2 protein chains.
Amino acid sequence: MSGMPRASPRSLPPPEDHAARFTQQREADRSAIAEDYVELIADLLQEEGEARAVDIARRMGVAQATVAATVARLQRDGLVETKPYRGLFLTPAGQAVASAARARHELVVRFLLAVGLDPETAEADAEGLEHHASEKALAAFARFLAKHEADPK
Amino acid sequence: MSGMPRASPRSLPPPEDHAARFTQQREADRSAIAEDYVELIADLLQEEGEARAVDIARRMGVAQATVAATVARLQRDGLVETKPYRGLFLTPAGQAVASAARARHELVVRFLLAVGLDPETAEADAEGLEHHASEKALAAFARFLAKHEADPK
DNA sequence: ACTATAATTTAGCAGACACTAAGTTTTGGA
DNA sequence: TCCAAAACTTAGTGTCTGCTAAATTATAGT
Ligand SMILES: [Mn+2]
Ligand SMILES: [Mn+2]
Ligand SMILES: [Mn+2]
Ligand SMILES: [Mn+2]
């Protein structure tokens with residue numbers, strides 16, 4: 001006989017290695033919100049001259065109270081400062097996180113575009129994907145872009 | 001004059017569109033755990049013949065109590081069934097989620113490998129990336145693989 | 001100057017996911 | 001058959017991220 005569906009060689013990794021992957025993923029999830037807020041604050045400061053909590057709320061699609069609570073955590077963690085009724089600002093640490101986040105975001109978007117995604121989807125997907133691409137993955141994306149931009153197609 | 005640093009064209013999208021991206025991301029995050037559990041249960045059933053809560057805990061890197069609570073939610077959502085001291089099983093709905101998750105997982109891994117990532121990093125990153133790639137992105141990955149596999153380099 | 005409006009904060013609540021520490025229950029080997 | 005070990009459940013906590021509703025507070029237009 002032969003037709004037995006061997007069901008793809010899905011051999012499971014050693015439990016510890018397997019767990020490490022999920023642990024890494026949980027860590028990425030934890031920092032994702034901080035990165036997005038800080039990146040958005042940097043963008044607003046640059047584009048609008050100020051980053052108001054209302055605008056963060058509108059652009060993040062959450063209630064103002066949610067922004068207040070999240071910003072309090074960012075402040076506690078030394079990433080953000082607030083001047084009442086004058087908007088949000090980034091600490092040096094916050095600026096560092098913001099520029100790293102922005103660089104990653106832009107790299108991921110460029111990569112997705114290079115692979116054939118339309119601009120809007122590239123932006124939308126990048127918002128999530130950026131938090132889960134390791135340094136190695138980002139390096140691979142960059143290599144691909146370099147090669148691709150040199151010799152398209 | 002001219003030398004004014006235009007500071008990269010970071011033009012912000014319309015607030016509503018911007019919010020939609022984050023909302024989409026939050027939705028993906030919410031389903032990620034369910035997908036990972038169900039995918040793992042399917043794998044264990046296939047590879048080991050049974051999917052015990054202890055093994056899920058070990059492989060997910062969490063406490064048994066956490067698995068119990070999460071499985072309760074999956075059960076509530078109609079994805080999983082449990083036979084006490086006999087392990088976990090998937091409902092038809094759960095099996096559907098599992099095979100979709102598996103297909104996506106494998107596609108993402110193959111794609112990352114094709115882009116030059118080493119196997120271990122590809123697997124690790126895929127665990128997070130898979131939950132944030134839209135259908136369009138997956139289609140683009142598949143196209144890339146088809147082309148790449150036909151004419152490598 | 002006043003005051004309506006907008007921005008922000010506070011309070012109270014809820015659900016998802018983690019954890020530790022204690023029970024229970026089942027199983028399987030002696 | 002018995003019982004210790006393994007598996008599973010329950011109880012009690014804590015944090016994060018959301019929400020609504022109800023204050024506050026500041027700004028800006030008249
Ligand atoms: Mn993001
Ligand atoms: Mn981003
Ligand atoms: Mn995953
Ligand atoms: Mn997976």
Side-chain angles (χ1 to χ4, degrees), chain A residues 15 19-38 40-41 44-45 48-89 127-128 131, chain B residues 15 19-38 40-41 44-45 48-89 127-128 131:
Chain A
R21 295 178 190 168
F22 289 112
T23 299
Q24 169 181 311
Q25 205 204 322
R26 282 192 293 272
E27 263 154 33
D29 276 330
R30 255 191 297 108
S31 42
I33 286 194
E35 287 167 9
D36 284 339
Y37 268 71
V38 158
L40 178 53
I41 290 170
L44 285 171
L45 284 173
E48 320 268 298
E50 60 175 7
R52 308 299 294 251
V54 222
D55 296 319
I56 308 279
R58 195 176 355 261
R59 300 197 105 92
M60 294 287 300
V62 298
Q64 285 194 41
T66 299
V67 172
T70 302
V71 165
R73 282 190 296 273
L74 297 176
Q75 209 164 1
R76 178 201 63 191
D77 297 341
L79 297 175
V80 164
E81 271 168 26
T82 72
K83 295 193 205 279
Y85 288 87
R86 202 144 286 293
L88 310 177
F89 301 87
E127 204 54 76
H131 309 288
Chain B
R21 295 179 191 166
F22 289 112
T23 298
Q24 170 181 311
Q25 205 203 322
R26 282 193 293 273
E27 263 155 33
D29 276 330
R30 255 191 296 109
S31 43
I33 286 195
E35 286 167 10
D36 284 338
Y37 267 70
V38 158
L40 178 52
I41 290 170
L44 285 171
L45 284 172
E48 321 268 297
E50 61 177 4
R52 309 297 293 248
V54 223
D55 295 318
I56 307 279
R58 194 176 356 261
R59 298 196 106 94
M60 294 287 301
V62 298
Q64 282 194 44
T66 299
V67 172
T70 302
V71 166
R73 281 191 295 275
L74 296 176
Q75 208 164 1
R76 177 202 61 189
D77 297 341
L79 297 175
V80 165
E81 270 167 27
T82 73
K83 295 195 206 279
Y85 290 86
R86 201 147 286 295
L88 311 175
F89 301 86
E127 203 54 76
H131 308 288

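Source: prediction; values computed, not measured.
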Query - Sequence-distant partners of D29(A), side-chain hydrogen bond (donor to acceptor under 3.5 Å, both in side chains), two or more places apart - result: H132(A)
Query - Distance, rounded to the nearest Å, where E50(A) contributes CD and dA6(C) contributes P - result: 16 Å
Report task. List in chain and number order the residues that pass side chain to side chain contact (heavy atoms under 4.5 Å, CB included) with A34(A), two or more places apart in sequence or in another chain; answer none if no residue qualifies. Result -> L74(A), L79(A)
Query raised in the report: With sequence neighbours left out, what residues match T66(A) under side chain to side chain contact (heavy atoms under 4.5 Å, CB included)?
Result: Y37(A), V62(A), A63(A), T70(A)
Report task. Heavy atoms under 4.0 Å is the rule here; annotate nucleotides 11-22 of chain D 5' to 3' with B where the base is hit, S where only the sugar-phosphate is, and - elsewhere. Result -> -----SBSBB--
Query raised in the report: Looking at residues at least two apart in the chain, or sitting in another chain, which of them share a side chain to side chain contact (heavy atoms under 4.5 Å, CB included) with S31(B)?
Result: E35(B)
Requested in this report: Go along nucleotides 23-30 of chain C 5' to 3' and tag each nucleotide: B for a protein heavy atom under 4.0 Å from its base, S when only backbone or sugar atoms are that close, - otherwise.
Outcome: --BSS---
Query raised in the report: Taking atom CZ of R86(A) and atom CD of E81(A), what is their separation to the nearest 0.5 Å?
Result: 15.0 Å
Query raised in the report: Could you give the CZ-to-P distance, from R59(B) to dA7(D), as a whole number of Å?
Result: 14 Å
Report task. Take the protein atom NZ of K83(A) and the nucleotide atom C1' of dT27(D), then report the distance between them rounded to whole Å. Result -> 18 Å
Report summary line: Picking from dT10(C), dA7(C), dC8(D), the nucleotide nearest the side-chain atoms of A68(A) would be dT10(C)
**Report entry** side chain to side chain contact (heavy atoms under 4.5 Å, CB included) involving E50(B) - partner list, sequence neighbours excluded
**Finding:** R52(B)
**Report entry** Rounded distance (Å) that lies between atom P of dT9(D) and atom CD1 of I56(B)
**Finding:** 12 Å
Query - Qualifying salt bridge (Lys or Arg N to Asp or Glu O under 4.0 Å) pairs with a residue from residues 61-76 of chain A, counting only residues at least two apart or across chains - result: none
Query raised in the report: Can you list every pair that meets salt bridge (Lys or Arg N to Asp or Glu O under 4.0 Å) and has a residue in residues 58-69 of chain A, with sequence neighbours left out?
Result: D55(A)-R58(A)
